[in-house]
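Hydrogens, waters and symmetry mates play no part in the numbers below; they use all other heavy atoms, side chains included.
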Amino acid sequence: MKTSEGIFEVTLGAGTGSLRKQLVVRPEQTTDGVPIYHCFLDGSSISQLRQEASGEWVQLWGDLSVHSIQQVGEAIADHLASTR
């Protein structure tokens with residue numbers, strides 16, 4: 001995972017090769033204080049995620065499956081916890 005000006009990368013998928021995906025995540029602060037996470041794959045925006053007060057990750061925009069939303073959300077949370 002890399003961090004540069006708030007932007008960081010998360011790796012999804014197990015093993016090596018085509019099953020692993022590097023997502024670039026750009027956090028954006030919002031007026032309500034809960035950040036939105038813009039997710040990019042190969043330079044293209046694929047989703048915007050947000051963590052609700054309940055801890056559930058929700059997709060504001062994009063076509064990720066429920067499983068993928070949870071997986072990306074957990075990777076974001078792990079990254080944030082490691083930088084505190």
If you take all heavy atoms of [X] and [Y], which pair is closest and at what distance?
| X | Y | answer |
| --- | --- | --- |
| Gly6 | Pro27 | O-CD, 2.9 Å |
| Gln51 | Trp57 | NE2-NE1, 3.4 Å |
| Cys39 | Val72 | SG-CG1, 3.9 Å |
| Glu52 | Val58 | OE2-CG2, 3.2 Å |

Please tell me whether Leu41 and Phe8 are part of a single hydrophobic cluster in this structure, the criterion being side-chain heavy atoms less than 4.5 Å apart.
yes
Same cluster or not: Ile46 versus Ile76, using hydrophobic residues (I, L, V, M, F, W, Y) connected whenever any side-chain heavy atoms lie under 4.5 Å apart?
yes
Residues forming a salt bridge (Lys or Arg N to Asp or Glu O under 4.0 Å) with Asp63, sequence neighbours excluded
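Salt bridge (Lys or Arg N to Asp or Glu O under 4.0 Å) list for Asp63, sorted by chain: empty.
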I'd like to check the side-chain contact (heavy atoms from CB on, under 4.5 Å) partners of Gln59; sequence neighbours left out, ordered by chain and number.
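Gln59: side-chain contact (heavy atoms from CB on, under 4.5 Å) contacts with Ser47, Leu49, Leu64, Ile69.
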Residues in side-chain contact (heavy atoms from CB on, under 4.5 Å) with Asp32, at least two apart?
Thr30, Val34, Arg50
Is the shortest heavy-atom distance from the side chain of Tyr37 to the side chain of Leu80 under 4.5 Å?
yes
To the nearest 0.5 Å, how far apart are NE2 in His79 and CZ in Arg84?
10.0 Å
